[in-house]
Amino acid sequence: MYPPLVLVLAIFFAVATAIAALSSPLPHPLDPLSPTELTAVRSTVLAFSLVASRPISFHYVGLDEPEKPDVLSHTNAAAAAILPRRAFVIARAGGLSHEFYVDVTNTSAPRVVSHGIHDGPGFPMFTTEEQVAAGQLSREYPPFRESLQRRGRALTDVGCGVFSMGWFGKNEARRLAKVQCFIVAGGTANYYARPLEGVTLLVDVEKLVIVAYRDRAAYSVPKAKGTDYRAGKAGPPFNGAVPAPGVVVQPEGKGFHIDGHIVRWANWEFHVGFDMRAGTVISMASVHDADADLWRRVLYRGFASEIFVPYMDPEEEWYFHTFMDAGEYGLGVSAVPLQPEADCPANAAYMDGYYVDADGKPVKSENIICVFERYAGDIAWRHTGVAGPIAPITEVRPDVTLVVRMVVTVGNYDYTLDWEFKTVGSIKTVVSLSGILEMKATNYTHVDQIRDDIHGTLIAENTVGVYHDHFITYHLDLDIDGTKNSFIKNTIIPKRNTGVRATSGAPTPRRSYWTVLYEVAETEAEGQVNINDAPADLLFVNPSKKTKVGNEVGYRLIPAGATATSLLANNDYPQRRASYTKKQVWVTPYNKSEK
């Protein structure tokens, strides 16, 4: 038995930190770092004498959460005051990745409690500032200007962006990235539809120099006409009849209450946090048992841990498009302010967030998370009794849910990330993909011209929507009615037998049925599941807690939507980097260091 950590993979296959507290004077142990604490972290790191190199660039600052047993023992404000407040910091200085733990329990006297150098492979995520600066390097680069002249383009016609370059077997000492460009002139806001295909720059994002340049081939730039997505300029289906507006009416006001970072609604209570890498973090989710009049834990901590987006074009300008959106760009940093009555309904409440810029200064993002009750017209439960002495009887329970929403825009894609809490005691995660395809320019204008694999679909003249995947992975630290949990696979086993007999021993005309094979995972290997292998119930149970009839108390993990796994070869470099995408569920024992 162990408290399981679950990595749940939701896949979408495509062809074509801190929240501002509202009231609590003392922080909850899991509250994100406040602007005051972030400022204290910055001054402490900058004053740290063992890092002499300058400048120091801040790439991540987030809460170093207290030990789980300490948090679980937190029951009142006095307990919160005795738990330390610490920050985990990743910074770059002198070409090295520095990791700090900074105590900010007393923001008047913060101190570094630990400092180390990360000497392994990999780099921290990009800062916004270095992306902007690297994207500007091409403007003063003579070979790039010459490439534009050969294409009849002015420098003012072009805008460039930074693309992470993945990993292909070499652990590079320099922080390198690719820069590719788009035609921003032409009257359309959709510059992703007009790539400057064939031109790629390799840049050192710390030294801000171009280290390689390649102008491989010239392709026709797709037309601007029909690409604009702005209201009044978009084509079908966004220029047709508009549905009548809906109105959410709550005569008694909102049914939820927000106290600092704690949300209470119906039979749920949970903590909402914000992290510059992970975005929304849901913690301490408990459901109220009305019969026993007690709160029963369900989820200790949950967040979207990574979004892996590999493109399927091996061409020179595309093979490295194998993005890790959380680890390379940051979901929290990329979260956008929510638009009232558009991103969220009129009955929503909003929370602000804070992260740090490259200089370590707090940056405020307003309306970064919304919370609202959803009335979708769905049914939670119903039954009509048509027989019996008091028939007919019809009982219907409408399905009202509470949604916690964040929208993340990483380049061309927009991800709407929802946590939905239901009165029946379930939690649902929903990811909705929107935005714009990443497109490739081509000289083809009609499918009849295509003879070879173009690694995508010709979606308009001179425009290919490249095949790609979105693998969205969630980290779920489940505490089902306590920390001593087990992972159960109830695999459905078909039975075929011409001599089937009923339980009573009497013969039966049935020749088949199915039953369940109950298996308790004892190792991490047994906790790995490809849900497409065999139909099974995936259960997380607390063996020490039983129902009235003796069953173990538990929750069922129900995969829904796209459940594919990666089709890449095991020895392909992007697959080696994202090897977890070969299975949808990975269950491991709790380990604080595995965040």
Side-chain angles (χ1 to χ4, degrees), residues 1-8 28-32 63-76 79-80 83 261-273 275 278 280-305 402 404 419-429 473-489 520-524 526-527 529 537-547 551-559 585-595:
M1 295 185 299
Y2 48 79
L5 282 179
V6 191
L7 289 180
V8 182
H28 184 281
L30 299 179
D31 280 358
L63 177 70
D64 177 40
E65 296 183 359
E67 294 291 339
K68 185 175 180 178
D70 294 335
V71 175
L72 294 177
S73 67
H74 162 71
T75 57
N76 53 52
L83 291 180
H261 301 273
I262 299 294
V263 178
R264 298 181 178 91
W265 171 78
N267 54 343
W268 279 103
E269 177 180 284
F270 54 90
H271 182 276
V272 180
D275 180 80
T280 302
V281 180
I282 301 295
S283 304
M284 304 287 287
S286 298
V287 66
H288 188 256
D289 183 339
D291 291 336
D293 192 23
L294 56 82
W295 290 94
R296 305 175 71 172
R297 291 203 308 274
V298 177
L299 175 71
Y300 178 73
R301 190 166 180 258
F303 57 89
S305 60
L402 188 74
V404 179
W419 289 84
E420 188 170 3
F421 295 82
K422 296 175 176 286
T423 56
V424 294
S426 64
I427 304 174
K428 182 180 181 180
T429 60
T473 307
Y474 279 84
H475 170 113
L476 303 176
D477 181 0
L478 297 170
D479 275 359
I480 306 302
D481 222 8
T483 58
K484 294 183 178 180
N485 291 181
S486 295
F487 176 51
I488 309 296
K489 288 189 291 184
V520 181
E522 300 291 347
T523 65
E524 289 192 359
E526 293 175 356
V529 180
D537 267 347
L538 307 179
L539 308 178
F540 294 89
V541 303
N542 188 327
S544 64
K545 301 290 181 69
K546 301 294 180 65
T547 67
N551 291 317
E552 295 168 334
V553 169
Y555 262 70
R556 177 181 287 113
L557 178 67
I558 305 176
V585 179
W586 301 73
V587 183
T588 67
Y590 173 79
N591 186 333
K592 179 178 181 291
S593 65
E594 296 178 351
K595 295 182 178 179

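Here the structure is a predicted model, which means the values were calculated and not measured.
For Pro66 against Pro29, the heavy-atom pair with the smallest separation is CD-O, 3.5 Å. Closest approach of Thr280 and Ile282 over heavy atoms only: CG2-CD1, 4.0 Å. Considering all non-hydrogen atoms of both residues, Asp275 and Ala278 come closest at OD2-N, 2.9 Å. Listed here is the closest heavy atom pair of Val287 and Gly425: CG2-CA, 4.3 Å. Contact record, Ser426 with Tyr555: CA-CE2, 4.4 Å, taken as the closest heavy-atom pair. When all heavy atoms are compared, the tightest approach of Asn542 to Lys484 is OD1-O, 3.3 Å.
Here the straight-line distance linking atom CG of Asn485 with atom OG1 of Thr483 works out to 7.0 Å at 0.5 Å rounding. For the atom pair CG of Asn267 and CH2 of Trp295, the computed distance is 7.0 Å after rounding to the nearest 0.5 Å. With rounding to the nearest 0.5 angstrom, the NE2 atom of His28 is 8.0 Å from the OG atom of Ser283. Note that CZ of Phe303 is 9.0 Å distant from CH2 of Trp419, once rounded to the nearest 0.5 Å. For the atom pair CD of Glu67 and CG of Leu83, the computed distance is 10.5 Å after rounding to the nearest 0.5 Å.
Lys489 is listed as a side-chain neighbour of Leu538, based on a closest heavy-atom distance under 4.5 Å. Side-chain contact between Ile480 and Arg296 is absent, with no heavy atoms from C-beta onward closer than 4.5 Å. You'll find the side chain of Leu539 stays beyond 4.5 Å of the side chain of Glu552, heavy atoms only. The side-chain heavy atoms of Asp31 and His271, taken from C-beta on, include a pair separated by under 4.5 Å. Here the side chains of His288 and Glu269 are not in contact, with every heavy-atom distance at 4.5 Å or above. Counting heavy atoms from C-beta outward, Leu557 and Leu478 have side chains that stay 4.5 Å or more apart. Put simply, the side chain of Val281 does not reach to within 4.5 Å of the side chain of Leu30, judged on heavy atoms. The shortest distance between side-chain heavy atoms of Asp479 and Tyr590 does not fall below 4.5 Å.
The main-chain N or O of Tyr300 is never found under 3.5 Å from a side-chain atom of Asp477 such that the two would form a donor-acceptor pair. One N or O on the side chain of Ser305 and one on the backbone of Thr473 form a donor-acceptor pair closer than 3.5 Å. For the pair Trp268 (side chain) and Lys422 (backbone), a donor-acceptor distance under 3.5 Å is present. The closest donor-acceptor contact from the side chain of Lys545 to the backbone of Val553 lies at 3.5 Å or more, if one exists at all.
With Phe270 as reference, Val404 is the one residue of Ile427, Val404, Leu299, Val298 to meet the side-chain contact (heavy atoms from CB on, under 4.5 Å) rule.
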